[in-house]
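In what follows, chains carry the letters A, B, and so on, assigned in the order in which the sequence lines appear, proteins first and then strands, with residues in each chain numbered from 1.
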Amino acid sequence: MLSYSLKRLASAIPTLFLLITFAFFMIRIAPGGPFDSERALPPEIEANLAAKYHLDEPLVVQYGRYLWNIARLDFGPSFHYLDWSVNDLILQGAPVSFTLGLLALLLALAIGIPIGAWAAFRQNRAADYSVMSLAMVGISIPNFVMAPLLILLFAITLGWLPAGGWEFSPSRMVLPVVTLALPMIAYIARITRGSMIEVLHASFIRTARAKGMPERSILFNHALKPALLPVISYLGPAAAAILTGSVVVERIFTIPGIGSYFVQGALNRDYTLVMGVVILYGMLIILFNFLVDLIYAWLDPRIRYDEQEA
Amino acid sequence: MNEVTRDAFSQALDRRTVRGRSLYVDAWHRLLKNKAAVAALIVLVVMIVLVAVGPMLSDWDHEIPDWDNYSTPPSLETGHLFGTDALGRDLFVRTMIGGRISLLVGLVATLVSLLIGVSYGAVAGFFGGRVDNIMMRFVDGIYAMPFMFFVIVLMVVFGRNIFLIFVAIGAVNWLDMARIVRGQTLSLKNKDFVEAARACGGTELQIIRRHIIPNLLGVVIVYVTLTIPQVILVESFLSFLGLGVQEPLTSWGALVNEGAQELETAPWSLLFPAGFLAATLFAFNFLGDGLRDALDPKDRL
């Protein structure tokens, strides 16, 4: 298990390297420097500024410095918010974004898995068809459409919930979390249904039935665990989906998370902030995929054996 | 030879002249039996026709405001079937124009990703071995990156230009296509019928044209139908954030963004573009699912 983890971790390093390199050169080829303004600065001041931010050094040295800083998780100063470093901004937004994402993920798992399993149990019956059609709706309606519709219904028409703003209270969190979770519920339900159907046709389930086990214990004791493996491997992409979704959701519900800083940074051409967030997101996705692979290998020993044979 | 055997013989000859049904004719018949897929196909055809001719049927223009009607609800009297936005522009025409852009981006960017993905995947799969290993490692590497964000960064760095949107989205979406095509090519290459063709003296080019490409087509068609909605979604997402198509042009994503800001006073400006966008994505997804069922020989019973 340990050697497998190390091997997986080692394979993540080139990806991370590619990501950071890409980010660095993207900033460098971007037209317009961070200190360009309407009025040209005197050349002496410009030189001082360049020296302060090491912009006067050769590109290779700058690249080395950037790598070293990222390795220490230092994303540099923001080019737009004076006196703020990218780290400050990220640290301020992170608790909000993580709460939102975690709640959405838990909600999606708690609803998606039972629905999918139920649909599989009633395969090709009315319940199955209606659940799967609903799931298709969930997948097809993008969250930037779903969010305003939910606001229109629950905040404006019915007046039950606030339309935006943020504090750590259930009433403010319901709509953003639900918006973020809906497409994931749909995906998880579809995946669970597919794998559950496959498992229910497997011979060990037939054996369990032949032994006369009650359906309930077949479902929970035998079918559920193998059927959940594909759901676990979906969690990697799900993490990416949460990050992308949070950009939209935070913007619509005016939530001060990392996603809103990202959009604001993109609109302000705050390159260091944008790149910092992209690298952070990349790291999170890589980390999540790594964890998912570990859980997967732990649950399904065949993967580890394959790895050793190869 | 007596009469009976001659009859049987000529019957057998007749039967031979009946044209064999190809995989695709078969798949087409199966698709037509799938009600959801047929409905999706009809929705898409109607959508394309509507988007193409709709703006010509209306008296209004997508840029020029109607000075008498700001944010008016849909009505037959004013002639604004979908109402007007806060600047007095006709929403029906704007939704249609937005649809043109969204569908166009969907098609063109999918073509870009198709081109890159199929050639990359086919090369990796056909050559196999070390070449395949290196090429696929590269795909794995960039697969783990937050690509949506790179598209955003591209838009920020290089300006918001519609051709860049095509290229950027296409350049991001080819990874899945490459993986699928590569896997398919790899397994096709070792199939017995390819071996047989080779034994019969077929050249590599003939084998690729006669056996590999036609067998790839099914998977590629399915995947293209599923990529188009993804691409439309990415474009809408960008436009929603204000990073996609710029005024006076518009797209469904941009319209949803405008509508979301006038939610309380003018809900119709959200509902119409949102409805068109969702219906289109829905139809493409259903069609893709239907095509997959129709073309996948595994489920044929």
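Highest contact tally toward chain A, considering only B:G253, B:P229, B:A279, B:S236, is held by B:S236 [criterion: heavy-atom pairs under 4.5 Å].
If you measure heavy-atom distances from B:F237 to chain A, the contacts under 4.5 Å come from both the backbone and the side chain. Neither the backbone nor the side chain of A:F288 comes within contact range of chain B; no heavy atom of the residue lies under 4.5 Å from a heavy atom of that chain. Using a 4.5 Å cut-off between heavy atoms, B:L233 touches chain A through backbone and side chain atoms alike. Of the two parts of A:V277, neither the backbone nor the side chain holds a non-hydrogen atom closer than 4.5 Å to a non-hydrogen atom of chain B. If you measure heavy-atom distances from A:L284 to chain B, you find no contacts under 4.5 Å at all.
Atom CH2 of B:W252 sits about 6.5 Å away from atom CD1 of B:I232, to the nearest 0.5 Å. Annotation: the span from B:M177 atom CE to B:L226 atom CG amounts to 9.5 Å, rounded to 0.5 Å.
The shortest non-hydrogen separation linking B:L287 to B:A37 is CD1-O, 3.8 Å.
In summary, the side chains of A:S97 and A:S246 do not present any donor paired with an acceptor at a separation below 3.5 Å, with no hydrogens or angles considered.
Around the OH atom of A:Y187, the shell of radius 6.0 Å holds no more than 12 heavy atoms that belong to other residues, nucleotides or ligands.
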